Amino acid sequence: MFKIGLQTAQTSLTRTPAVLSSSARGIANIPAHEYHIRFDQQSGRKRPAQDVLDRFKRLNNGMWIHAHAGKNKLRYMKDDKWQKTSLYYETCTKEQCQMLDKLVTPFWLRPKHYPNDPYQAYNVRHGIDSPRVDDKGRFVRERRKVLLDDSTSSRYFNDC
Amino acid sequence: MFLSQLMRQSGASASAARNLWRKSENPFISTPQAWLTDLEQVEEKKRGIIDLHPDVFRVAPRLDILHRNLTWQKVYRNVQMTKMLTKAEMPGGGRKPWPQKKTGRAHVGSIRQPEFIHGGFANGVRGPRTWFYMLPDAIRLQGLCVALTLKHAQDDLHIVENMQDLQNGDPKFWQDLCESRNWGYSVLMIDDSDVISGGLAEAQEQLAWLNCMPVYGLNCYSIIKYDTVVLSKNALEKIEQRLLQHLHRAKPLNLKYRYQDYKEKILNESRAEENPNMPPIV
Amino acid sequence: MWRGLIRRLSTNSEQIAKVDVSYLRPRHRILAAGGVPPVEFDYERERAARRERFGKFGLASGVSVEELYPTVEEIEEEYAIGLFKELNEVKQEYLELKKKQDEAHKNRLAELEKNLKKYPAALEKYEASLVKQEKLKDEKEIALEKRIREIQEYFGYWMDPKDPRFEVMLEQKEAEEKKAVKLAKREEVQKKRYAEVVQ
Amino acid sequence: MFSRRLIIRAAQFSTSQSKKTEKLWENPWKHALHQQEQPRTSAKVLEVPIDWSYVERLMPIEIIPDVPKHETYPTPSGWTPPTEAAKTHSYYVRRRRDHMLPLYLERKRDLLNEKTLDFDYVELVVLRNVDGNIFDCENELRQFVEAQLDHPIATHVDELKGRIKIKGAPRKIIEQFLYSKGF
Amino acid sequence: MLASTSVSKASNLARIVILPIRSFHDRSSVPRVVDDREKSSAKYTDAGYNFRYHQNGVDALPRIPDCKVPVARPDFKVREPWSVENARFGQNDYIDLLGDGSIHPAQLQYHTPTWLRGFPGQHRANELVKLIHYRNLYDSKLKQNSPKRWHELRKRIKYLMMQHNYNKQDELNRERDLGLWDEKPDYTFKDKSRRSFRDEIP
Amino acid sequence: MSQALRSAKERALQIVEQASKIRIQDARDNLGARTSGRQVRKANNQMGHTQGALERAAKPPLGWIWGDFFRPWQRMFPGEKHFNADINVRREYIPLSLIELTRLIDLGWIDPSKPIDISTLCRTQKFQINPNIRQYGFDLTEEGADSFPYAIDIEVQYATQSAIAAVEKAGGRIRTSYYDVNALEAAIDPKKWFEKGNVVPQRKAPPKTLIGYYMDAKNRGYLADESDIENNRINLANIRGYKLPDHEMVTEPLKTVDQVFHGIPAGSVISLADKKLYSPTNEIHREYYSKQVADKQYS
């Protein structure tokens, strides 16, 4: 591994050869309670739960989605309807969303905007009559608008 | 209003109608006015009338906002240096003093438990503790405006022509001056430069209740603590200009204070106070 | 402690008292008055701090403009690392890549075009191949199907042809057929003989 | 190899030359390889005249700019200035410092919902900066909004702070009310 | 100001109320002071002391006869409202608003330890964050010159880590933004080995 | 004057005028704004646990379900690569809709007669861009495209076709250009950059993954040549069926590929206090700041 690293040193000096540290603590025997770290050892900040970042995605309006449990298991034995529905993503319930929000750091709770994002259409959900703002007066489901009052923004944006 | 009629009878020079920057056309606003006097002699000689900006000197008298500012000023500088050791930090107490059972005594694990005399503390006061927090700029600006409004409404705010290089530095002279003008028992003089020269400098040295501050030293606690606040003309201009600039600034007024923005600057400036080798004792 | 009564002798020897009322440390007082604080701390001699000093106070900061630029050695070091490629190089690479992709695209289209012309013939050939298999399958298939049907009738339940017991059953069936044929022949002979006898 | 050299160079730069009596063990590389001080030739600089307006336009805007004159209102993006009619009412709603209407959304906790054993939240629209007779403003606001909504709304008036909290009406309708009054 | 909620008169047209909007429920927006708990505890005791104007010599204060317990009397606190510190209390607290913005009040806290100057206070950051900040600033000095304090510090941090990460119940409200760290996408997707914070105890 | 009397503020101030001098102890919070906390006695908060268990025993973590201790709820679902795995790779852009741009121009925040780029948008202090979390600039979205009135000369980092059409229909010129992280930090807050004493950086060309986008005339990329862009502009007008105004709005010549600010060459030092600009004269520095270079591969 190291030999190859030398040749490519010319082009990518900054990439130190990946030392596969097979530490004694494999993934299996790290118990779940290690996954809600409120205070990190180095800087004392909260660390996001690794599993939540692997398995869930947060949309801009606060909804979390996850894949169908067991969708990769024994597919050949299952019927056609299951094959189709198992590929769908499911949304989480309100309690689950609140719990997932607590499991990750505020960086992941921030609405993010990517150009031609496949999830763009799902960031907005209509027909919800719960309040549009949180306790700090910031929009929960809508996109932050600069200097626009509701009359103008409702004409152009289809947010809530 | 009533001041201007009085003015006309006493024949002082015409009111210097200052153009008030971005004054709202709200019909329900009344423009506050103040006399312009000077500190040359004991008797008060009115030089003219000045319009004050209603957004600074005529805001709603919100005592709760003033209260928040006063408590912030009192609390945010508070430091508690005491530290009570826990049983882990107390010397000794590593061994179980007597076996758990059969001795009829309390089952204890170490002689430095909180229950013991000279033991450690369970939830003691831990180390240098501060209550530092910063009120949002909007609240602090409104607090200053409320304090100035209260002073002006209660006739404790006076504008003088000039404070620098006054001739008379005799404390008695200043006492008579305040007496004759019916100022309160303590006077706060605000000037826009942080060096006071002339008679006022000597007077403020002797008289404990007469103190001068630069414009950037102004704060709600001092405004309310001193019975009378005297602004010089340039100080008034500067205060109004600075407060109005912040009230109309493009940056949001509710920006959170983030320690990391100032961390490097504070640590660099204070490195000289620290011991180069030893960590701070506290 | 740092604020004192500074007495300054004025021109006509009448002392004017000057008092600093800022109650700030000297460094902060200068900053509040908008002046340029002197260099006093160790960190201010580091490179980044001197640059920041120039940025904030300009020429009055006493920092020469040359210090703001990277030194020649650092620039050579950066060239040596070669992290960044020339713009024209990158453009050429991209254009070649694009050209290659366009060519592949064009070839693919041409090929499709060609295939499209041959498409009807290829379609027929394919259908024919399907039919032929049909026939071939029939001859072998019918014999097997017939056999299976008989066995199923014989046993009364469906038997999978690949089942090993199937062969055993097959032999029994053939043995019985042979026996039946033999019986039939014998009966014929007896009938014939009976007919002769009866006449 | 390159990375090693870069680190030495960086190490040299950071330690300021002022510390002459540097101990041996504090920077072993420097002493072990006993490299002499690397020559550092800096750039030569020349002052170049520039049109300072190019730099002026980069500086951040300190004060909120005044709204430029438009021939017709509302402006293409739908912004309308306060009109003279605003001064005729017995109350006055002052605009925010960035020339927008002072309407804020607020979320308040409502009763505990027995079914979901969770608190319900209700959305309020807060109209601030109301000066003059605030109760007239609340009456007219209620008539205007209830004419459009067909159901009663709840309002709470805080006179000293000059605020009206409205429950049950979307912010859009209250904006139309204020525009109709000329604020 | 009392809440003035008024429900418009049901108009005579047969209008179907689509969304029954009640007025505010009984608890108005500003919670009321209904029962003041301190009221019951702050009983004032009438010590029966009456001031006699024309009396000379020490007056007999109300005392329980031959009671050995001394009466608690707060010692006299010298208040000098016009000493320099008290007269100038709170000066320069608004220096960033009234000054030109180059200085922040956090820099003027000369009486606070340097590493705590401007650090968010008790009700924002807790002891663990403060100790970690102290350790990150002074760990080299501590290791070299005061090993015992370094050991005590590590022991205390480890204990607090266990408390906050394990024994504490899950926080109910949103995580508080202390403004100590900047946002970064801390996603260690591939790095399965670094999964427990115990791995990095220095 | 009488008008003012009917405002609550004036009536309150009159009370203050007649009141005694307001001292520090007179200031208090509104009645009822803060209630004393609820003292939870020991008897009524055991919730089925003893005090010790509440304080000392370790609690099951968030997401733990009755059952397999090593398989909390959040591990029950299979992971998806494109959920969050590419957070360190994908680029985020700040959405700027055309209606918001119109509103900014209406209210005088942006001067339409001057070229608009990241610096002009960020100087209004209405947008926060943080290059450290891979936010690479502005994305011009198409809300408000049908009634965009102003002919502007704008430069953004990403633009959809309908946004491009709206700007060109109004007679404006739009270019999409790439800012590498260093140049972006300078462009976002030039004042802070100059006050840190940094040299005006050289803007690097896009890396391999993005050069395709910026060389494509359809996206009005700044690396595509003008003739292609002109043809594209015309046939976009034909496709979308609007008449192109006769001349395109040109306020100033376009920035060169490696220029961050209009009118300021790369490699110059600006001293705000003395209003002076310095540039290097020796050969290696001038070449270092003029050699057009592409960004590193994995940027």
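All of these numbers come straight from a predicted model, not from anything done at the bench.
In terms of heavy-atom proximity, A/Leu148 sits nearest to F/Ile99 at CD1-CG2, 3.8 Å. Contact detail for A/Pro115 and F/Arg91: the closest heavy-atom pair is CD-O, 4.1 Å. Smallest separation of non-hydrogen atoms from A/Arg144 and F/Phe127: NH2-CA, 4.2 Å.
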Checklist line | Working for side chain to side chain contact (heavy atoms under 4.5 Å, CB included), residues F/Glu80 and A/Ile65 | finding: CA-CA 11 Å; F/Glu80 277 289 345; A/Ile65 56 175; over 6 Å; no
Check: Stepwise, does the salt bridge (charged side-chain N to carboxylate O under 4.0 Å, His left out) test hold for A/Arg143 with F/Glu143?
Finding: CA-CA 12 Å; A/Arg143 170 173 140 190; F/Glu143 288 87 1; 3.5 Å; yes
Checklist line | Trace of the side chain to side chain contact (heavy atoms under 4.5 Å, CB included) decision for A/Tyr119 with F/Phe83 | finding: CA-CA 10 Å; A/Tyr119 298 97; F/Phe83 271 2; 3.3 Å; yes
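The neighbour count for F/Lys291 NZ, taken as heavy atoms of other residues, nucleotides or ligands under 6.0 Å away, is above 12. Around NZ of F/Lys255, the count of heavy atoms belonging to other residues, nucleotides or ligands within 6.0 Å exceeds 12. The 12-atom threshold is exceeded at NZ of A/Lys112, counting heavy atoms of other residues, nucleotides or ligands nearer than 6.0 Å. In the displayed structure, A/Tyr122 atom OH is contacted under 6.0 Å by at most 12 heavy atoms of other residues, nucleotides or ligands.
Interface with chain F: from residues 68-89 of chain A, residues A/His68, A/Ala69, A/Gly70, A/Lys71, A/Asn72, A/Tyr89 qualify, criterion being any non-hydrogen pair under 4.5 Å.
Side-chain N or O atoms of F/Asp139 include none that pairs as donor or acceptor with a backbone N or O of A/Tyr114 at under 3.5 Å. Looking at A/Asp51, its side chain never comes within 3.5 Å of a backbone N or O of F/Gln74 through a donor-acceptor pair.
Applying the salt bridge (charged side-chain N to carboxylate O under 4.0 Å, His left out) test to residues at least two apart or on different chains, the pairs with a partner in residues 87-98 of chain A are A/Lys94-D/Asp118. Judged as a side chain to side chain donor-acceptor pair (under 3.5 Å), the pairs with a partner in residues 92-103 of chain F (not counting sequence neighbours) are, in order, A/Arg110-F/Glu92, A/Thr152-F/Arg103, D/Ser77-F/Arg103, F/Glu92-F/Gln135, F/Ser97-F/Glu100.
Using a 4.5 Å cut-off between heavy atoms, F/Thr141 touches chain A through its side chain atoms alone. For chain A, the nearby parts of F/Phe77 are the backbone and the side chain; heavy atoms of each come within less than 4.5 Å. Only the side chain of F/Leu107 comes within contact range of chain A, with at least one heavy atom under 4.5 Å from a heavy atom of that chain.
For A/Asn60, there are no side-chain hydrogen bond (donor to acceptor under 3.5 Å, both in side chains) partners two or more places apart in sequence or in a different chain.
A/His113 contributes atom NE2, which lies 8.5 Å from atom CD1 of F/Ile94 (distance to the nearest 0.5 angstrom). For the atom pair A/Leu147 CG and F/Leu101 CG, the distance stands at 11.5 Å (nearest 0.5 Å).
Side-chain atoms of A/Phe107 and F/Ile87, non-hydrogen and from C-beta on, do get closer than 4.5 Å to each other. Looking at heavy atoms from C-beta onward, F/Asp146 lies in side-chain contact with A/Tyr156 at the 4.5 angstrom threshold.
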